[in-house]
*Asks:* 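Please read through the structure below; I'll follow up with questions.
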Amino acid sequence: MDYKYSEIEPKWQKYWREHHTYRCSNNSPKPHFYVLDMFPYPSGAGLHVGHPLGYIASDIFSRYKRLRGFNVLHPMGYDAYGLPAEQYAIQTGQHPAITTEKNIARYREQLDKIGFSFDWEREVRTCDPSYYRWTQWVFIQLFNHYYDKDLDKAMPISHLMELLEKGEVECGGGKPWADMDEGERRDYLMNYRLAYLADIPVNWCPELGTVLANDEVVNGLSVRGGYPVERRLMRQWSLRISAYAQRLVDGLEEVDWTDSLKEIQRNWIGRSEGAAIWFPLAVDQKSNMLPAMQCQMGQMEPIAEPSFEIFTTRPDTVFGVTFMVLCPEHEMIAQITTPGQKAEVEAYVAWAKNRSERERKAEVKKVSGVFTGAFAVNPITGDRIPIWVSDYVLAGYGTGAIMAVPAHDSRDFAFARHFHLPIRQVVAPEPDAVSDPDTWTESMDAKTGYSVNSGFVTGMRVKEAMKAVIDRVEAMGIGYRTVNYRLRDAIFSRQRYWGEPFPIYYKGNRPYTLPEECLPLELPEVGDFKPTANGEPPLGNAAKWAWDEANRRVVETSKIDNSTIFPLELSTMPGFAGSSGYYLRYMDPLNDNAYFSPEAVAYWQNVDLYVGGAEHGTGHLIYARFWNKFLFDLGLTAKQEPFQKLVNQGMIQGRSNFVYRSKEDNNLFVSKNIPGREQNTVPIHVDINIVDNDILDIEKFRQWRPEFAEARFELEDGRYVCGWEVEKMSKSMFNVQNPDDLVARYGADTLRLYEMFLGPVEQAKPWDTKGIEGVFRFLKKLWKLFENRTDAPADKAALKSLHQTIKKVTDDIERFSFNTSVSNFMVCVNELSALGAVSSEVLDKLAVIISPFAPHIAEELYHQLGHDGSVCDAEWPTYDPQLLVEDTFAYPVSFNGKLRLTLTLPAGIGQEEAVAAVKADPIGQKWLDGKEPKRVIFVPKKIINVVI
RNA sequence: GCUCUGGUGGUGGAAUGGUAGACACGAGGGACUUAAAAUCCCUUGUCCGCAAGGACGUGUGGGUUCAAGUCCCACCCGGAGUACCA
């Protein structure tokens, strides 16, 4: 009988479903193991072959762990809220709930065909009220907590209020806490809440009435419509993720991720150590408009306002400061600008304000700026230095003001050159060498070397000088040692429909949270879910979107009276809200009383293995870690880090094929390797489904599109050879491979094996079906091997092959190298086939070890061998080391007076045995040439040297 | 610019410091067949040679080692992340 995958696969899929084979319990004496995939966006395009790559890898690992006796949690769900789902709905003109439902059904159908071992009873969907109820719940907790820097954890806001009440925390609100009324207190607390409402600069398009992402704006105009976009402060919800910056850096030490991904996160968080120093404003006698102030060297009291706080990572270079630069948004600009410079400064600030991020980034090389007319005092040297404004200083980083050290910072240098400002060298490679100005640029940004021309730190190494300056600054009370992070708080509002509603209503313009018991706050129906033109988010169209505080329910918008019935928040949460904590919900997905039970999290702890793309390095993986750490502070999660080990699967790129159309004759197509083809033709994308191994199916090509019906060809060796290129997989390039087609043609097991065989999981690679036949052949051979089996006891050769394979495959799986596992199976089957009829005893174990990779055929064969239960409940076989003793092997290594032979031998072997082994080895015999080995040198491990 | 990765046949890719190129594809040859499909067998890094055999080979140049694709140093080229971040 032939290998009929089309009968076997549905049969066992049905069996697994009916027997709940993959159901996973939270009560098990077995050790736990949690394997998680990044859940997909159910987009309208369905799955392509790139999606299942990571799923197959994690499925193999889950099945393997199960066979090793673990209770494995391996769930799946859908990240169904967010922009892609909404965009698709808008394009097709259907309600996002309907399209999402349809897309999920399609994904599920495709996933089921591949034979994954997901426990579907734990499925979660981020757009399901029973799920987003808990997303909203976490938001309320974030709103009601602040980050206590002394305790270094999140604490209830009520705790902060107590501290303020007792005066243990100083109130910086401009007014003592005791004198504030209820509203003022709430406003003040907003500066502390982990979820807070604040004015944030955004790309606002008045015409479209929405905030746009940076990539939706080009040259100050919206991509869609070409309307002007301005940067504007808008009230938005944000998460104070920056409070966790240090813990997010530290936590990377504890997890088993790739160095590159850890590095991506470290760069993103951007920790830099340095100092904050106040530079006081100098008195300007001419204008006499500025408050007089004192600044003397060595003054011990903090210097009175006004002064500028700057941040620097190089306090040692303070002696080289020749000017200061403020960002255009700096609040003190108007205050300090002299009348003579006023017009110029205002024009510059206005110009800078209207520049988009994009323009600013594109014109990095261009130096621009303006002098304010004001001067500051270098608090260390007492020098008077001019204050400039320039947009190379960013408002969002540090304090938006810098001390410029043009000799040792490339940007300050360019600025100084452009505006003819002085440049003073303060760092040199040698303590006494003061190099000539032209060489400064070479040692620019140098963190090694010595301080020169630098007062009390002259002659010190840079590191010592940094410490000495900070110490002095702290002693003088004009600054302090500090750490800065690049990580910004996460903007959490979206003026969109398809997302989680905020559990927030507004009383007197101040946000209040809904009572927790009233969750979920369900997404209302609206007449029109598209972004609105009148500036309001789509929820502004909802007829029923007001909060009746007394009766604790949602009521008609028209009833808002601002005394008992209040407006609800109109924006929705962003895509990452629902995906930040979904892994926790899988632990206890049906719980109606809590996000998850303490018992569930105590059992599962955290995710042992997380598989997904590295493109989430600066998004989801940061947010989820933040989310988890916050819940940890609340005592809800068991571990600080949510994802212990993380494997990034490489992206599968498309491999496009081209035909070459003659420039003169539109119906003539020239094969790739015909001389002159490059000059005389233009490449055209051709559907990869009508090309086999780069050979074009001419008939199918003619039928493909009407315009090619009359196509003629210039062939080589009677065939048309297509060109190819690696590109993104996309419909427009006709290089999309749909997994269903491959399942139909070769079966799911072949697809699974082939996706693994393609190369290392972590590596990006183009999709190419070239080798799939080889994998298919392998399964047919495997099938045949079982058909020809015998019940006689196993012979030694077969056992050796089996045990070698068990060892290799076990090692391969443990180090996540599935491509070599597949190769090792192929070797094993080839070896066994060559031996003739193989004992069932051997095949029994072979079926088990191959089942994680090709579960359907393994299940079938396992049953054919007479087992009742599923192969999924079998036990992973162990190997017998006795069977694996390696053959003696000798080879010559050098001739320098003496010949050495190196042998690979089992460990623990003695002198005589080694000599005997050399004599027995064919190569050894040849090199000994009848002589006796003189000496055996043992080196560590199993290698020994024999000197002849 | 900085950081991280990687560079091995015609192709995808194997190699705890120990016979480089496993396994697979492709290609060439052969068997079976009226023929095709399917299946099976042989060859396949490069160069020299009829052959036996030999020489050279993991981006380049050095180094460590009895032994280097693997470790160290410098450089070249690709891929990714990030960037007026002070």
Side-chain angles (χ1 to χ4, degrees), chain A residues 2 258-268 270-272 274 310-314 317 325 327 360-361 363-368 390-394 396-405 408-412 414-415 444-445 484-488 614-615 617-618 648 650-651 655 693-695 724 753-754 757-760 762-775 777-778 780-781 784 808 811-812 815 817 819-830 833 889-896 898-904 923 937 939 941-943 945-947:
Chain A
D2 287 341
T258 61
D259 289 340
S260 76
L261 190 64
K262 285 186 188 181
E263 207 54 37
I264 286 171
Q265 293 219 335
R266 282 197 198 99
N267 289 342
W268 187 256
R271 180 183 198 276
S272 44
I310 60 95
F311 172 74
T312 179
T313 53
R314 294 294 302 276
T317 61
V325 187
C327 66
R360 197 159 155 158
K361 277 175 186 164
E363 292 168 16
V364 161
K365 295 282 175 287
K366 277 192 194 167
V367 177
S368 72
S390 173
D391 67 355
Y392 84 86
V393 175
L394 303 179
Y397 184 78
T399 57
I402 62 155
M403 60 176 215
V405 186
H408 305 289
D409 180 284
S410 48
R411 297 150 305 174
D412 296 345
F415 195 81
M444 213 175 260
D445 307 320
N484 233 303
Y485 300 93
R486 207 180 68 92
L487 184 71
R488 315 247 188 113
E615 66 273 18
T618 54
N648 293 124
M651 251 215 297
R655 187 179 185 280
N693 279 326
D694 293 339
I695 306 301
W724 61 273
L753 285 166
Y754 184 59
F757 187 66
L758 219 45
E762 300 90 336
Q763 196 174 303
K765 51 206 163 246
W767 177 260
D768 189 347
T769 45
K770 259 186 187 172
I772 199 165
E773 291 284 349
V775 170
R777 255 173 238 154
F778 157 72
K780 285 193 280 195
K781 279 186 213 166
K784 211 183 230 169
K808 283 182 180 166
D811 291 349
D812 289 339
R815 63 194 173 98
S817 175
N819 56 331
T820 53
S821 327
V822 178
S823 294
N824 285 324
F825 283 127
M826 288 178 175
V827 172
C828 180
V829 166
N830 283 341
S833 301
F889 181 77
Y891 53 98
V893 288
S894 75
F895 199 116
N896 95 45
K898 286 163 187 163
L899 179 72
R900 289 161 189 267
L901 290 184
T902 298
L903 287 90
T904 305
I923 299 176
I937 304 164
V939 295
K941 297 183 194 168
K942 60 189 175 182
I943 311 297
N945 287 340
V946 180
V947 180

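Reminder, nothing fancy here: chain letters follow the sequence lines and each chain counts from 1. Predicted model only: the values in this text are computed from it and were never measured.
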*Asks:* Under a 3.5 Å threshold, yes or no: a donor from one side chain and an acceptor from the other, between A/Thr820 and A/Ser817?
*Replies:* yes

*Asks:* What's the CZ-C1' distance between A/Phe757 and B/rC25, to the nearest Å?
*Replies:* 8 Å

*Asks:* Over all strands shown, is A/Ile402 touching base, sugar-phosphate only, or nothing at heavy-atom distances under 4.0 angstrom?
*Replies:* base

*Asks:* Nearest nucleotide by nearest heavy atom, which residue falls closer to the 5' end of RNA chain B, A/Pro766 or A/Ile772?
*Replies:* A/Pro766

*Asks:* What is the distance, to the nearest angstrom, from the NZ atom on A/Lys781 to the P atom on B/rU39?
*Replies:* 9 Å

*Asks:* Between B/rA24, B/rU82, B/rA15, which one does the side chain of A/Arg486 approach most closely?
*Replies:* B/rU82

*Asks:* Are the side chain of A/Lys765 and the backbone of A/Gln763 linked by a donor-acceptor contact shorter than 3.5 Å?
*Replies:* yes

*Asks:* Could I get the full list of side-chain contact (heavy atoms from CB on, under 4.5 Å) partners for A/Ser260, not counting sequence neighbours?
*Replies:* A/Thr258

*Asks:* Could you tell me whether a side-chain N or O of A/Asp812 sits under 3.5 Å from a main-chain N or O of A/Ser821, the two making a donor and an acceptor?
*Replies:* yes

*Asks:* With C1' as the reference atom in both, quote the distance from B/rC77 to B/rU43 in angstrom, rounded to an integer.
*Replies:* 35 Å

*Asks:* Figure out the CG/P separation between A/Asn648 and B/rC4, and round it to whole Å.
*Replies:* 17 Å

*Asks:* Suppose we define a pair by two distances each less than 3.5 Å, Watson-Crick or G-U wobble; what does B/rA80 pair with here?
*Replies:* B/rU3

*Asks:* Please report, rounded to the nearest Å, how far the P atom of B/rG12 is from the CG atom of A/Leu758.
*Replies:* 11 Å

*Asks:* Could you work out the separation of B/rG18 and B/rG13 based on their P atoms and round it to a whole Å?
*Replies:* 22 Å

*Asks:* Rounded to whole angstrom, note down the C1' distance from B/rA14 over to B/rC50.
*Replies:* 35 Å

*Asks:* Could you write out each protein N or O paired with an N or O of nucleotides 79-81 of chain B at a distance under 3.5 Å?
*Replies:*
none

*Asks:* How would you label the contact of A/Pro760 with the nucleic acid (heavy atoms, under 4.0 Å): base, sugar-phosphate, or nothing?
*Replies:* sugar-phosphate

*Asks:* Categorize A/Ser823 for me: base, sugar-phosphate, or nothing, with a 4.0 angstrom heavy-atom threshold over every strand shown.
*Replies:* base

*Asks:* Can you check whether A/Lys780 has a side-chain N or O nearer than 4.0 Å to OP1 or OP2 of B/rA38?
*Replies:* no

*Asks:* Provide, to the nearest angstrom, the distance between the CZ atom belonging to A/Arg266 and the C1' atom belonging to B/rA83.
*Replies:* 18 Å

*Asks:* Just by distance, do the side chain of A/Asp412 and the backbone of A/Val405 share a donor-acceptor pair under 3.5 Å?
*Replies:* yes

*Asks:* Looking only at side-chain atoms of A/Arg411, point me to the closest of B/rA86, B/rC85, B/rU82.
*Replies:* B/rC85

*Asks:* If you compare every side-chain N and O of A/Asn819 against the phosphate oxygens of B/rA14 (OP1, OP2), does one of them come in below 4.0 Å?
*Replies:* yes

*Asks:* Measure across A/Ala404 and A/Tyr392 and return the closest heavy-atom pair with its distance rounded to 0.1 Å.
*Replies:* CB-OH, 4.5 Å

*Asks:* Would you classify A/Arg271 as touching base, sugar-phosphate or nothing, given that sugar-phosphate means primed atoms plus P, OP1 and OP2, and contacts are heavy atoms under 4.0 Å?
*Replies:* nothing

*Asks:* With a non-hydrogen cut-off below 4.0 angstrom, is A/Asn824 in contact with a base, only sugar-phosphate, or nothing?
*Replies:* nothing

*Asks:* Can you tell me how far C1' of B/rC85 sits from CG of A/Leu487, to the nearest Å?
*Replies:* 12 Å

*Asks:* The side chain of A/Arg815 is closest to which nucleotide in this list: B/rA15, B/rC84, B/rA86?
*Replies:* B/rA15

*Asks:* With P as the reference atom in both, quote the distance from B/rG63 to B/rC84 in angstrom, rounded to an integer.
*Replies:* 44 Å

*Asks:* Taking atom C1' of B/rA14 as reference, at what distance in whole Å does atom CD of A/Gln763 sit?
*Replies:* 12 Å

*Asks:* Say we look at B/rA68 and B/rG59: how far apart would their C1' atoms be, to the nearest angstrom?
*Replies:* 16 Å

*Asks:* Looking only at atom C1', what distance separates B/rA52 and B/rG61, rounded to whole Å?
*Replies:* 37 Å

*Asks:* When you measure from the side chain of A/Glu263, which nucleotide among B/rA24, B/rC85, B/rC4 comes out closest?
*Replies:* B/rC4

*Asks:* In terms of side-chain heavy atoms of A/Lys770, which of B/rC25, B/rC84, B/rA86 is nearest?
*Replies:* B/rC25

*Asks:* From CZ of A/Arg655 over to C1' of B/rG26, roughly how many Å is that when rounded to an integer?
*Replies:* 11 Å

*Asks:* Going by the glycosidic torsion and a 90 degree boundary from 0, is the base of B/rG13 oriented syn or anti?
*Replies:* anti

*Asks:* Check the angle between the aromatic planes of A/Trp767 and A/Tyr754 and answer parallel, tilted or perpendicular using the 30° and 60° thresholds.
*Replies:* perpendicular

*Asks:* Could you give the distance separating B/rG21 and B/rU44 at their P atoms, to the nearest angstrom?
*Replies:* 12 Å

*Asks:* Of all residues at least two apart in sequence or in a different chain, which pass the salt bridge (Lys or Arg N to Asp or Glu O under 4.0 Å) check with A/Arg486?
*Replies:* none

*Asks:* So do A/Val325 and A/Ser390 actually touch side chain to side chain, heavy atoms under 4.5 Å?
*Replies:* yes

*Asks:* Could you work out the separation of B/rG79 and B/rA74 based on their P atoms and round it to a whole Å?
*Replies:* 23 Å

